[in-house]
Each structure stands twice: as C-alpha cells, then as structure tokens.
Amino acid sequence: MSFTIQNILIPSDRAYEMVDVQIVDDHIAAIAPNLDPIGTLIDGRNKLLLPGFVNAHTHSSEMWQRGMIPPVPLELWIAELYDFTPLDPEKAYLSAIGTAVETLLSGGTSVVDHLVLIPGQELETIEAAVRAYRQVGIRAFVAPLIQDQALSTGLPSGGANREHDEYVRSTAATLALVQEAVTQFHRPDEGVNILVAPTGMQLCSDALFEGCIELSDRYHLCRHAHLLETKAQQILAQEKYGCSAVEHLKQIGFLGDRTSLAHCVWLDDADIEIMAATKSTVVHNPLSNLRLGSGIAPVLKYRQAGVNVSFGCDGSASNDSQDLLEAIKIGSILHNTTDPDYQNWITPRHAIEMASLGGATGLNLGDQLGSLTVGKKADLIMVDLMNLSLLPRTDPIGLLILGRPVNAISHVWVNGRAVVSDNEVCNVNVDELRQSLFDQSQWNPKRQAPSVAQMELHYRSVMGLSAKPLGYS
Ligand SMILES: [Zn+2]
C-alpha cells in the first residue's frame, strides 16, 4: 500500500515548509516539494504533518474508575483503586479500546499500557488488551504490571513493626507468567511488544527485578517501572536499601537505554546524574502528579543533564482522561514556575520532539520512529489547521501545544496504515463503544474502600499528618 500526501506543511529548522510525502508500505519513502505522485493521493492543504506521539505510560483498565476516586495521595488512591479493579477480561478489552481511541485522537500512535492484571486471569487480561490494540491498529507496548509484595509494604514503616500478608502469587510464578506472555504475544513486527514491567521498588523484591532483567536480556525486551512517584516512596527506599531507589536500581542493573521510568518526581541531583549516565528515560505524567499531589518532577533539570524525557497520560483514574495533547501542554508549561531562567523553559517544538522522538527513544526505537525522516516507519499524524481551535493562523505548533485543540487530529497512520481518517477512527465503531461503556457501568459517586480505611491512620502517622482520618474508617 502506497500513498502520497500532497502540499502538506511540515516543520523545518526555522519555520515550516510545504512538501509532498510519499509512503511506501510501512515507511516514509520520500519528502520533498513536487514529488511524482504514487499510490492514493491525499490532499494535505491546510494541514500539518507530524511524527506520531507516544503515550508512554498509562494503565488502560483504570478507565472504569475515572472521575471517581476522591482527591487523596497515591498510597491511599491505589488502595481504593485495587478494591474496585474490574475482574472481567472483556472489560479490560473495552478499556484498552477506549484508551487507544483517545490516544489516537490526541496525536498518539503508540501506547505503553502498564496493564493491571486480573488475578487468576492474567494471560486472559493480556490477551484482551492485545486483541484491542490489534483491532484499533495502534502500536502497542503492553507492560504486564507485576509485583511480589503485598500492597501494605509500599508504605514506609516509620519504625513500626508491621505484619504484611504474603502476595497472592510467588515471584517464580510471576516471572513464568511474563515469560508465557512473551511467547504468546510479543510480535514487534506486527506492532505488539511485551515489556518487563515490575510496578516499582515499593512493591517488588530484588529477585523480581533480577528475573525481569534476565527476561529482558534474553528476549530483547524493554523495561518499564514506576520510580519515586511520591515522597513516601523516597522514605521507603531509604528504609529498604539504605540508599536512593535510583542508586539501588543502578546497582542491580535495571537501568539502561531500554528502560523507561514513570514519574521520577523525587530524584536528587546525584540520582539525575545516574539517569543520564545509564541513558534511562523519564516518562513525565504531569496531570497524575498534580491530581495525586505527588509533586512536580524536575524535568528542566533532566533536560539540562541530557536525560531523555517523554510524556504519558498515566491511567485514567489519576488524570482522568487520555488526552495526550493536554498532558504535553501541562507537562511543558508547568515547569516555567520552577526556574526563573526562561531560556531553560520547554518550547512547543521541544515538547513535540519529547512526545515523538523522546517517546520512541524510551522504547529503544529512536532509529525507527519519532521523526519525519526518510526510511523511518510511517507513524504519522495530520493536524487540521482549519479546525476552529487552531484559528486564526499563527504558529501551528505553538497553538497545537499551548492552545486547547478540539478534534484537531484529522488523520493518523501507524506503520503506514490509516487508523484515523477524516476525524473518524477507522477500525472501531465508536457509537458501539460508547454504548458498551455505558451499559457496563453505572453512576456511582459514593463508595467505601475497605483497604483505605485500614491504611489511612498509618499513612498519616508516617507522613507526619495529624491523626484525623478523612472518613474512610
Ligand atoms: Zn502509573
């Protein structure tokens, strides 16, 4: 399948230029003015072509709880989330479809789904998400979320002697599960990738990390985890290792150029040096960090230190949407408040590069994806510059990032295949999706999470808050 996009605007070094772009099969074959047309012709007038973005960290099944969890910090939020996680793989399928559709319509051509697994139906959950992503046609990086320690171990002890339950699945069984997921589903040539993805140091043993490293090396898998999202995790790392979590992950060999780490809010200067030296990627999830009160990641420092940074929406229960353009906007301008030297601030063009090439680099695919370069994969988005939210004509990229684009992504191609065309998703009946999401949910503004009730007093104690509970218990 070949096609030619004619008279399309693309960013050039200093401004924009009008070109034709030829796509042959899965890759960009030529970019130049007035090319000989090949294949189907697509009118690019009054449109802007960009490399597709990467939604570099999300949890698709959280869609079932978006807008629902009250404003509480991560450690309480996650207890509430787990109490009400959907237990039906068909729901996992629907929320993966929904996550993919929202990602595509906000400029994403790839999604990293740190997928929460249904206990006892782990492979069925992965199968459901993979089926959804294959159907939609988005490039999928499915990262089965694993841990081998009980949720209560994720809180610092504060010196208290606390008893913890055994986790429901052994470390060995968990690693065997990931191995099986690789065998069944890891098909990079078909746009489906499995990652090793321990949830983070707060809930994982070294044995689990080391098993993941071994699988990653054996099958050339990327590595993904949460890292120092909250102040509580920083305290926990000192209790657990006697050093920072970053130092520990370096020592056990988890960091590297195939490793992307979500959040990275509580890193100090020494940690940042390690991130740069190991070529690890930071996935910035600004909306989740604000929603959960986690803090502001030192993204300008990362950039100055040469650390690769990409953007993620994070799951829809801590954001509570999958609008990648919104995450890119907030994740850029948020940092203007952290450094008075405006020469360090993130410009709209920087933001585009972080979202595309930065995302690809974090998945060890910077040589194949993430820029408008002849020979690279045709993962492309086309922006409608006649869209009301992008008028009047000023700077297209400036307004795309700093404005509030509404339904502005008119076309999306992944691996040279159209997945959004004339603002319509090609492979999903969105009306049916809306009806299914409606039918399988209910208005439910009030609910009680028993796990939060159990954890709240301890959380308040170790974080130095007054003993007054919020009302969970
Ligand atoms: Zn997350």
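For the numbers below, each heavy atom of this structure counts, side chains included, while hydrogens, waters and symmetry mates do not. For ligands, and for the atoms within them, numbers begin at 1 and follow the listed sequence.
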TODO: Any pair with a residue in residues 137-192 that passes ring pair (Phe, Tyr, Trp, His ring centres under 6.0 Å), sequence neighbours left out, goes on the list, sorted by first then second residue, please.
DONE: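 Output for this query is empty, none listed.
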Task: Identified side chain to side chain donor-acceptor pair (under 3.5 Å) partner of Thr58 from the options Glu102, His114, Gln322 - done: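 Going through Glu102, His114, Gln322 one by one, the side chain to side chain donor-acceptor pair (under 3.5 Å) with Thr58 is satisfied by Gln322 alone.
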- [ ] Could you name all protein N, O or S atoms found under 2.8 Å from the Zn ion (ligand 1)?
- [x]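 Near the Zn ion (ligand 1), below 2.8 Å, one finds His57 NE2, His59 NE2, His226 NE2, Asp314 OD1.
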Open item on the list: If I compare all heavy atoms of Lys231 with all of Trp266, which pair ends up nearest, and what's the gap?
Closed with: N-NE1, 3.1 Å
TODO: Look at Glu62 together with Arg66 and state whether they make a salt bridge at an N to O cut-off of under 4.0 Å.
DONE: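 Result for this pair is no, no salt bridge flagged.
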Open item on the list: If the condition is side chain to side chain donor-acceptor pair (under 3.5 Å), which residues does Asp367 pass it with, not counting sequence neighbours?
Closed with: none
Open item on the list: Considering only residues two or more places apart or on different chains, which pairs with a residue in residues 68-77 satisfy side-chain hydrogen bond (donor to acceptor under 3.5 Å, both in side chains)?
Closed with: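 Those involving residues 68-77 are Glu75-Thr230.
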